[in-house]
Each structure stands twice: as structure tokens, then as C-alpha cells.
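Throughout, protein chains are lettered first and strands after them, A, B, ... in sequence-line order, and every chain is numbered starting at 1. Only a predicted model underlies this, so the values are computations on that prediction, with no experimental measurement involved.
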2 protein chains.
Amino acid sequence: MTGVSTQTVSRVLNKRPDVSPQTRRLVEAAIEEHGFRPSAVARSLVQRRSQMIGVIAAGMKYFGVAQTVNGIAEACEASGYSVILKELGSFDVPDIVPVVEFLLAHRVEGIIFAPPQMGANIRHVQDQLPAARPPVVFLKADPTPEFSTIGIDNRSAAMRATEHLLALGRTRIAHLAGPLEWREARDRRDGWLAALSDAGLEPGPMVAGDWGSPSGVTAFEEILAADPRIDGLFVGSDQMALGALQVANGRGIRIPDQLAIVGFDGLPEAAQFTPSLTTIRQPLAEMGRLAVRELLMALKADLGVDTVHTVELPTELIVGDSAPMPPERARATDPDAESMAPVVTGGQRPG
Amino acid sequence: MTGVSTQTVSRVLNKRPDVSPQTRRLVEAAIEEHGFRPSAVARSLVQRRSQMIGVIAAGMKYFGVAQTVNGIAEACEASGYSVILKELGSFDVPDIVPVVEFLLAHRVEGIIFAPPQMGANIRHVQDQLPAARPPVVFLKADPTPEFSTIGIDNRSAAMRATEHLLALGRTRIAHLAGPLEWREARDRRDGWLAALSDAGLEPGPMVAGDWGSPSGVTAFEEILAADPRIDGLFVGSDQMALGALQVANGRGIRIPDQLAIVGFDGLPEAAQFTPSLTTIRQPLAEMGRLAVRELLMALKADLGVDTVHTVELPTELIVGDSAPMPPERARATDPDAESMAPVVTGGQRPG
DNA sequence: ATGAAAGCGCTAACAC
DNA sequence: GTGTTAGCGCTTTCAT
């Protein structure tokens, strides 16, 4: 309309080949001059694809969630998608439904749930999801036949952690748990119990914290009060383990000789704790990336093909000084030997 | 069109008053039955407001950026806006321009830059920003007359940290700096130098790390090698301070008696370090929230009113055991006494 | 209280 | 190669 034509402009913008170089230059000049910017909104409307995926996150203040959202954002950018981020105060159902509606209204092409945890409430969310919807991936949720889920096997990983303590000859092994309303906290506790039961040992005391490092301090003190003679401790998060380390150091408890500690999460900083922390690393960013891949695959295959997958990503045992490698090497018969192979960091012990 | 009418539906959806209750119920029933969902895309198109704000972030893997994005998302939700999150690999100019174009094409109503740092390159970004654009806020950037910026006064905060060490009677004060390509790292170094110069002292050795805790280990070892007799250390990030603590603990350096340490950032975990870390807290989430407020205010005032503000948020000295309160209380004449008032955490020292 | 008409800014399907 | 027509799904404005 401006200088010369009407929607030849469209062809220019979309870099179609069927435009004469001359016209093209003309149009481009006009665009430049008028500071014209094509509306992606209108384009989304007519094409019925927004090139957006919706991310429903809660607790981004937690290291894990932030890491996962990062993985999602990265993978989206790499695939030409963008993310609409909805941060929720909580995952209670009444909160979630309007958010999903919002995302649907914006015609996102997929939705990822990235919570710090998934409890039973997720069932309700799943029930309330409208039938007509883009693909959805739940992170850290119980497997279902209806939705793709991506997570780790918390129970096995916790068993692996506990077995590491057992391999060090520890027999009185306590657990500093996460809040037991959280499924992940319960799964980790169950893994701890199972490993002890397999070894024919009684569980040591268990106290729950709230994932944060201050709660590690108080919970560990309660554990010590319950049984000062424990020689092994499995902690549900690295942050709580940090609190336990502070108490142990303050009381002159020698780690790992007197008490060996294994954490959970794989914070990058764990290697610089005093002493460096043995921990289970979760592939948090990978989870996010994989969730995007799942979505894109489902989008591609939108024929009735089966696009529901349940993925459990492998975890790693990162060995630090708080619970070093046992003298006899990891058993070669370990069924998960590959995925769960221990990784030894440069457990730094200066001086 | 369906059951009864055409765009009376619109009135129903927008909860307009001028619809008979009867029709309303009819329409609502039809909506429910057909699983109809209004298109926010079409609405954005016709109303010319997307209710979206664009966030350009880089380095969300860093605690600080994640925290800030969290604050942004929170504040947006609270105001009925949503965020389109673009995560960048880096803030090099060629990368950024297309991202801004993308956001503009999506008709975001504001843009926030949330990088881990802002170097000189930001100038180029600012220069390349098109003239016709929604309001933009830069986080952590140098003040400019053209754009709103929100950050902290790194230099003053670093002076405050160093003065705390001086108040403890320390005279050989070293600095474990961040990477000096970063403006923030340089500002903190300058604050350290200024405080020492004001006190008439020579600066101790300085070595730069990369913000991460492993680099704290090696950099601190270099500092010790350069001058083993230092009695104070100001560290540019809490994570690097964690590395320094590990080395100090490993070598039997008594903290704070032999060496007092002050960090920077205010990680929540710093209180559980061994020993608990004295540090400068930055209001990271607040920065994000404030950025959103800035944007919304600018939106409201879009008359030629002056909407460019330069905000420097106050920081806090959090006193832990690594550099305790000096015997004589903080000088009452401190000009920043209020905003910079030290906060004493329960520096935990068990047993 | 409701319907009809026009248009937001683009692209798809055809003509020319 | 380029212009024309139509329509994406809404919200206006004006009639009724």
C-alpha cells in the first residue's frame, strides 16, 4: 500500500523466491524507512501456530526448578520456539486451571509442567485438563498412561546412595529427609529403607527438613540427639547436607571417619563444601531439554501415533570426601552399572 | 453462529453487563459443550495489546539471574501480565538484535534485560534499539539518560565489606575478584581499593576467579602463595568464598581469628557455610519486581512524561562468623547507616 | 438487549 | 512476478 504494492511485502518478508530483486529492494527500503515491523501476532492468528510453548513453573527460587527452566528455554531457542513462562505460587488445583486456560487461549503448541515436586494433587490437574489440548509433559510426576512424564527414579538413586554408605562398612545409617508431603522425599526415604532392609540392618533415626540448609542444621541436631552413635547419614538434599556439615564441623565430628554423609541433587557447589560432599546428581537441565524434545516429537507425529512416553533419566553418584570410594571397587554386577556409574570429582583436600 | 447468536458471545466472554441472563446461560452452555476457547491471539491483534512483557536473560544457570527472573515472573503474574522468556547464550550484539526484533514482532508491551552482568557491549545494544519501541529496563547496567536501569552500587557495597574487615582491625586485606571483564567485578575491586586507600593501607594481593566455587579454590591458593600473612579477605561472590573456605579449613587456617572473610551476593546457604559467611546481600528478586513496576508505570504514563529512572537498590551486610561484628558498634555517622545497616544472622556455632 | 458491518495485520489460493 | 480475494477470530461502532 505504501510505496508500491500490497502483500508482495509478505513474500519479501518470508524470503520467498518469486520476487524480482528490484521489487525486493524497493520493499526493503520502504520497510527500513518506516521502521515497519511485521506482526507475529497476526501471523500466529492466520497460521494457527504460535511457535510458543507454555511452561508452568513453581518455586523457581529453588535451584532445581531454575535449572530445569533454563534447560527448557535453551532447547526451545534451539528449535525456533519461545516460551511463555507462568510462575505459580503453588500447584494447588484452583490455581492451575486458569493458567492452563490462559496458555490454551494463547494457542501454545505444548505445555510443560515444571514444579519442584509433584504430589498427589497432580492427578487432579491431569483430570481437569481439557480433552482438546496440545501435548503436555509433566516433569517429576508419577508415570501415567495418558501423559508423558520425565523424571528420575528417586527410590533407586536413594538406594544407590545408601549402598555407598553400606559399602563403606557403615551400619547405623540415619536419614535426613525432605518434607514427607513431597513424593520425592518419600521415594528417597523408601530407597534408604529398602537398601537397609536388603542389607539386613535396622534403619537409624529419621528426621524431615524442608529442603533448605537451615532446616538441615536443626534436623541433624535432632538426629544426633536421637542417636549420637550413627556412622552414616543419607540426606535428601545437598542444601540440607550443608547444614548437617556445619553442625558436624562445629561439634568436631570427623567426616568421613566418624560419620559418612551422602547428599542428593548434585549442586555444583557440593564439591567445595567442607569436606566435599558425596551426592547423587540429577540431570535437571537435561530434563528440561528432553521435555521440549518430547513436545516437538508429539507435534510432528500428531497423527494418532503413540506419543506418550515415560522417561526416567539416570542419576550419577558423585564421590566426594564426605563419603569416599570404598576400598573394594563398585560391584561389577550392578545392573545399573552404566547409568549409575560413580563419578569421582577432584575431592579437594588442600594442605 | 452455533446455537443462537454471533458475537453476543463476545459480550458474554467479557462479562459485559448488557446481556440478558437467559442468553448468557445459553451461550455459556454452548461454550462448555463445544469446549470452545477464545483466542487470545485474535484478541491481541484487534486490541493491540499483548499483555506480555519480554524478558531477555542470559546465564539463568547463575543463581542471581534465576532469582531475578523469578522476581520478574512473580510481579508480572500479580499485574495480569505474562512473560515471554528468551534465554540467550551470550549478550554479544549480533545475538541480541534478532531477539529484540522477535519480541517487538510479538508486540510485547515492555522489555527487560536480565543478564548476569552488563559490560560495555550494552552500549551497542542500546544504540541498536529501534526508536519506536515499548519501554525497556536494563538490569545491572550503567546508568544512561535514555533508559531506565536498576542495579546496586557495587563499589559502595564493596567498600562497606572492606570497611567491615578494617573495623575488625585487619590490615593485610586481599581480594578474590570476579572476572575483571565484568563491570561488576571491577566495581567491587575498586570499592576494595578505595576503602583501603581511605584507611591509608596498601592493598593485599588480588587474584580473579570466574565466579564459580572451584575457581575460588585455586584463586585463594594463589593469594596465599603471594602473601601467606594476610588477615582479611574480600571475595567477589559467595560461591568463590565457599571455595576459599574449603581451602582455609583444609589448611587449618583459623577463621575468623587468623583470617576474616567477607563474601558478596547473599546466598541463602551462606549462613550454613563452615563457618557461616559474612556477606553483602543483593536484592535480586526485588530488582526483577522493580523492573516490572518501572515498565508498568512507563506504560501508564505514555504521554511524553519522563519515565526514565535510574535506581540503585540498597544492599545489606549480613554478618556471619567468618567476619563477626567488631567490638565497637557500627559507626553512627555512616551516611548509609539505614540502607546499609548490618543484619546479624543466627551465626550458628554448634557444640 | 442483540445483530450487522468493518477491520486488526497477516497469509493462502487463485488469478493475471 | 505480482495483484486480488478471502478469511484467521476476535472487538469495535452503529443499527435495530
Side-chain angles (χ1 to χ4, degrees), chain A residues 1-52 54 80 82 84 101-109 130 132-134 302, chain B residues 1-52 54 80 82 84 101-109 130 132-134 302:
Chain A
M1 290 299 182
T2 58
V4 276
S5 45
T6 141
Q7 63 77 271
T8 309
V9 178
S10 174
R11 301 196 233 268
V12 173
L13 287 172
N14 292 328
K15 300 191 167 57
R16 297 284 206 68
D18 52 350
V19 183
S20 80
Q22 188 181 339
T23 317
R24 166 157 289 148
R25 254 174 290 130
L26 204 61
V27 173
E28 279 169 347
I31 287 180
E32 189 69 27
E33 190 181 355
H34 292 76
F36 171 83
R37 210 163 296 291
S39 160
V41 179
R43 171 192 298 225
S44 292
L45 178 60
V46 65
Q47 287 188 159
R48 280 90 154 279
R49 11 193 350 235
S50 58
Q51 297 273 83
M52 293 272 173
S82 298
I84 298 184
E101 297 285 337
F102 173 91
L103 257 16
L104 260 25
H106 276 270
R107 300 298 188 260
V108 295
E109 298 181 35
R133 50 169 168 65
D302 66 353
Chain B
M1 292 296 183
T2 58
V4 276
S5 45
T6 142
Q7 60 77 273
T8 310
V9 178
S10 175
R11 301 197 232 267
V12 174
L13 287 172
N14 292 327
K15 301 192 170 50
R16 296 284 208 68
D18 53 351
V19 184
S20 80
Q22 189 181 339
T23 319
R24 167 157 287 149
R25 254 174 289 130
L26 204 61
V27 173
E28 280 170 348
I31 287 179
E32 189 69 27
E33 188 181 358
H34 292 75
F36 171 82
R37 211 164 296 290
S39 160
V41 179
R43 170 190 299 223
S44 291
L45 178 60
V46 65
Q47 288 187 160
R48 279 87 156 279
R49 17 193 343 238
S50 59
Q51 297 272 85
M52 294 270 174
S82 298
I84 298 184
E101 297 284 336
F102 173 92
L103 257 16
L104 260 26
H106 279 271
R107 301 298 189 257
V108 295
E109 298 181 34
R133 51 168 166 67
D302 65 355

- [ ] Summarise how protein sits on nucleotides 9-15 of chain D as a single string, 5' to 3': B when a protein heavy atom is under 4.0 Å from the base, S for sugar-phosphate-only contact, - for no contact.
- [x] BSBB---
Task: Integer-rounded Å distance: C/dC10 P and B/H106 NE2 - done: 13 Å
Task: B/E101 CD to B/L103 CG distance, which is reported to the nearest 0.5 Å - done: 10.0 Å
Open item on the list: In whole Å, measure the gap between the P atoms of C/dC10 and D/dG1 for me.
Closed with: 24 Å
Task: N or O in side chain of A/T23 less than 4.0 angstrom from D/dG1 OP1/OP2 - done: no
TODO: Please state whether the phosphate of D/dG1, meaning OP1 or OP2, lies under 4.0 angstrom from any side-chain nitrogen or oxygen of A/T8.
DONE: no
TODO: Quick one: pull up CZ in B/R43 and OG in B/S10 and give me the separation to the nearest 0.5 Å.
DONE: 7.5 Å
Task: Distance in Å, A/E32 CD paired with A/R25 CZ, rounded so as to fall on 0.5 Å steps - done: 15.0 Å
Task: Flag side-chain contact, heavy atom, 4.5 Å: A/R107 against B/R37 - done: yes
TODO: Give the intermediate values and the outcome of side chain to side chain contact (heavy atoms under 4.5 Å, CB included) for residues A/I31 and A/L13.
DONE: CA-CA 10 Å; A/I31 287 180; A/L13 287 172; 3.9 Å; yes
Task: Audit row: B/H106, B/S50, side chain to side chain contact (heavy atoms under 4.5 Å, CB included) steps and yes/no - done: CA-CA 8 Å; B/H106 279 271; B/S50 59; over 6 Å; no
Open item on the list: Please report the distance, rounded to the nearest Å, between CG in A/D18 and C1' in C/dA15.
Closed with: 14 Å
